[in-house]
Q: 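Dumping the structure here so I can ask a few things about it.
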Amino acid sequence: MPDMKEKYDQLQQVIEELKDQPGALMPVLQKAQGIFGCVPMDVQKIIAEGLGVTLSEVYGVATFYAQFTLEPAGKYIISVCMGTACYVKGSQKVLDKLSEELNVPVGKTSADGLFTLNATRCLGACGLAPVMTVNEEVYGRLTPDDIPGIIAKYRELG
Amino acid sequence: MENFITLTIDGVKVEVPAGTTVLEAAKKAGINIPTLCYLKDVNAIGACRMCVVNAGGRGLQAACVLPATDGMNVKTNTPEIRAYRKTLLELVLSNHDKKCLTCPRSTNCELQQLCRDLGVENGDAFAGTQNVYEIDDASPSIVRDNNKCILCRRCVATCDKVQNVGVIGAVNRGFVTSIESPWNLKLNDMACINCGQCITACPVGALYEKDSTKKVWDLINDETKHVVVQPAPAVRAALGEEFGYPMGTSVTGKMVAALRRMGFDKVFDTDFAADLTIMEEGTELVKRVTEGGVLPMITSCSPGWIKFCETYYPEFIPNLSSCKSPHEMLGAVTKSYYAEKAGIDAKDIKVVSVMPCTAKKFEAGREELAATGYPDVDEVITTRELAHMIKEAGIDFNMLPDEDFDDLLGESTGAGVIFGATGGVMEAALRTAYNLITGDELDNVDFDAVRGTEGIKEATVKVGDLDVSVAVAHGTGNASKLLDMIKSGEKKYTFIEVMGCPGGCVTGGGQPIVSAQTKLTCDPKVERAKALYGEDAGKAKRKSHENEQVKKLYAEYLGTPNSHKAHELLHTHYVKREKYSK
């Protein structure tokens with residue numbers, strides 16, 4: 001894991017590389033999201049100054065696209081499918097159970113920084129409905145009762 | 001030769017230069033196409049779809065961004081288009097706080113006007129969820145009420161493109177999109193320059209000035225206070241519009257009568273202080289030129305410009321004239337010279353400024369502007385607020401006689417009057433600087449090169465043996481361009497006038513609001529400036545140093561321009577400000 005200074009150096013390098021190309025804001029934000037795992041205020045200020053655009057513009061783009069997050073995400077990103085098939089098979093109950101078990105509202109990260117809970121559109125695994133993913137791992141045919149066990153497994157991994 | 005094209009709009013043939021939009025061409029053909037997000041020279045993004053027309057293409061097209069082409073046949077008002085626009089308005093209303101009766105923009109709201117013109121019958125045709133926003137009234141100048149916002153982005157374009165400030169923008173996506181500062185910070189926590197140009201761009205009541213009328217009524221009604229009022233030059237050039245006078249009508253005499261009837265104890269004139277400013281600033285300029293001071297010297301009358309310079313170009317702070325702005329000078333002189341003359345304790349005198357400006361509300365709160373130990377100016381109201389107070393007081397403005405300002409601090413020359421238009425301070429300064437440097441008087445006092453609405457104006461003026469190179473910029477976006485050219489060494493000047501608002505004070509953020517439809521064919525910058533230049537031309541005295549009451553003030557109290565006493569009362573200093581305060 002690079003330390004913070006290295007991350008900021010990396011960001012400056014990205015800005016230097018891209019600043020003269022038109023529409024540099026999107027690729028710079030994408031790289032920044034990759035480097036920091038999110039684009040918090042100080043990172044957005046550096047981007048605004050580096051590219052000569054206003055902070056309002058950077059923030060506007062960062063909040064428009066779902067791929068950018070303003071706060072750091074958890075180590076495990078849980079995405080519960082809210083597509084039609086999963087929804088009729090009870091994914092809302094799964095989501096509610098997760099929210100209760102992790103004590104975190106949808107879209108937010110748990111206090112221990114381990115889990116970020118998201119509701120997503122169709123994941124394309126309708127045959128396994130209701131479905132959720134934890135990072136790259138897929139869990140299908142879920143019931144709310146399955147949730148505590150799954151979460152416990154990740155808590156043990158830390 | 002300009003290339004002309006001919007097109008037909010609603011059966012009317014019209015010839016226009018190539019590059020004209022269908023919206024502009026229609027106006028020329030005598031056809032009004034309704035608009036909402038469009039603002040001439042500022043915002044043409046085809047977003048609101050109100051101006052859709054049938055130009056024979058696929059679907060309806062937005063006229064504000066549709067170039068007119070030769071032989072084009074356009075229909076702007078078919079039953080289909082009318083139904084389409086009506087539905088659009090109903091959709092806008094579905095997420096609009098419809099408290100029109102108490103809205104500051106009622107009767108002057110573009111959305112309200114369109115709903116009436118286009119015959120919208122049901123404001124709740126698409127009733128459903130509405131976003132609820134907290135009102136941001138932390139700024140001393142500007143209130144933002146997103147519950148009224150229709151997301152047209154005219155304010156965003158004005159703040160960013162015209163003023164080069166950009167402290168608001170569209171945030172989030174879809175139904176929850178809103179116009180905000182980053183991280184939902186309040187405007188007051190951003191590097192907003194308080195110019196209020198966003199207010200004059202807003203079609204609805206989502207942006208308006210922080211109200212000071214109640215405080216002013218309280219002062220007037222306080223028997224223990226001696227309340228002095230002063231209106232800025234540009235107020236008289238626009239106040240009449242609020243009472244049905246055509247744009248460009250000067251209403252100086254009626255304005256004075258109204259102020260007196262409202263109950264102010266003295267009606268002094270900021271124009272007097274404009275003449276006083278010229279005496280101080282002209283002397284400062286001559287000193288800088290002859291004694292090797294920092295050049296170019298830049299004017300300091302506009303508080304929006306000052307805050308812009310302090311925040312975005314702090315390296316130019318030494319270039320700013322140390323002169324306070326005219327109304328602050330008048331406040332300081334009122335609480336010292338006038339207080340002594342009238343035998344009133346300065347603590348019992350309250351000064352109210354009527355300004356075309358929302359940034360003056362911020363300026364009045366600057367702690368360093370308190371020469372007598374009390375604030376130089378206690379309250380600031382805009383031209384719009386004054387109009388409101390006159391109506392509230394039941395004064396029939398149109399029936400008022402013309403009255404004169406009170407003596408002592410009420411006389412002004414033509415030079416003081418033109419302060420309200422871009423280039424006016426420069427022209428006034430040149431008229432007096434000529435006398436200061438050469439000892440002679442100018443025969444022709446008109447400096448046409450610094451008049452007009454071009455963003456940056458330049459001139460080289462012969463003053464005796466000296467060639468004085470001057471520049472004028474209005475709108476902080478134009479000021480940025482000018483300062484960047486000076487920084488790069490591309491340009492060199494001796495004296496620069498900057499006004500924070502495009503057009504100068506006549507089109508300041510506190511002036512009566514002109515609709516986007518009116519601005520399509522009429523430029524308030526030009527029309528209102530005419531009122532001031534007309535008043536100047538009609539004055540017997542047109543040079544600040546000829547002002548008898550100003551001369552008397554120096555003879556009896558201040559001594560000479562830039563004297564120790566003048567410095568104490570009439571000059572100030574500036575601070576570097578952070579772009580990101582949080």
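The sequence lines fix the lettering, A, B, ..., with proteins before strands; numbering per chain opens at 1. These numbers come from a predicted model, not from an experiment. Worth knowing before you read on, the calculation uses all heavy atoms, side chains too, and leaves out hydrogens, waters and symmetry mates.
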Q: When rounded to the nearest 0.5 angstrom, what is the spacing between CE in B/Met190 and OG in A/Ser56?
A: 5.0 Å

Q: Do the non-hydrogen side-chain atoms of A/Lys45 and B/Lys579 ever get within less than 4.5 Å of each other?
A: no

Q: When you measure from the side chain of A/Thr63 to the backbone of B/Val171, do you find a donor-acceptor pair of N or O atoms at a distance under 3.5 Å?
A: no

Q: Atom NZ of residue position A/Lys93 - does it have more than 12 heavy atoms of other residues, nucleotides or ligands inside 6.0 Å?
A: no

Q: Near B/Gln130 CD, under 6.0 Å, is it more than 12 heavy atoms from other residues, nucleotides or ligands?
A: yes

Q: Using a 6.0 Å cut-off, check whether atom CZ of A/Phe36 has over 12 heavy atoms from anything other than its own residue.
A: yes

Q: Would you call A/Phe64 and B/Thr177 a side-chain contact if the rule is heavy atoms closer than 4.5 Å?
A: no

Q: Taking atom NZ as the centre, does A/Lys108 end up with more than 12 heavy-atom neighbours from other residues, nucleotides or ligands that are less than 6.0 angstrom away?
A: no

Q: Can you say whether B/Val165 sits under 4.5 Å from chain A via the side chain, the backbone, both, or neither, judging by heavy atoms?
A: backbone

Q: For A/Arg121, look at atom CZ and say whether over 12 heavy atoms of other residues, nucleotides or ligands are found less than 6.0 Å away.
A: no

Q: Relative to chain B, which segment of A/Ala62 carries a heavy atom at a distance below 4.5 Å: side chain, backbone, both, or neither?
A: neither

Q: Any chance NZ of A/Lys31 has more than 12 other-residue heavy atoms, nucleotides or ligands included, within less than 6.0 Å?
A: no

Q: With a 4.5 angstrom heavy-atom cut-off, could you sort out which part of B/Asp160 is near chain A: side chain, backbone, both or neither?
A: side chain

Q: In Å, rounded to the nearest 0.5 Å, how long is the span from OH of A/Tyr59 to CG of B/Asn172?
A: 6.5 Å

Q: Rounded to the nearest 0.5 Å, what's the gap from CD on A/Gln44 to OH on B/Tyr580? Could you check?
A: 10.0 Å

Q: For a quick test of reading the model, state the closest non-hydrogen atom pair linking A/Leu55 to B/Trp183 and the distance between them.
A: CD1-CZ3, 4.4 Å

Q: Count the heavy atoms of every other residue, nucleotide or ligand shown that sit under 6.0 Å from NZ of B/Lys210, and state whether that count exceeds 12.
A: yes

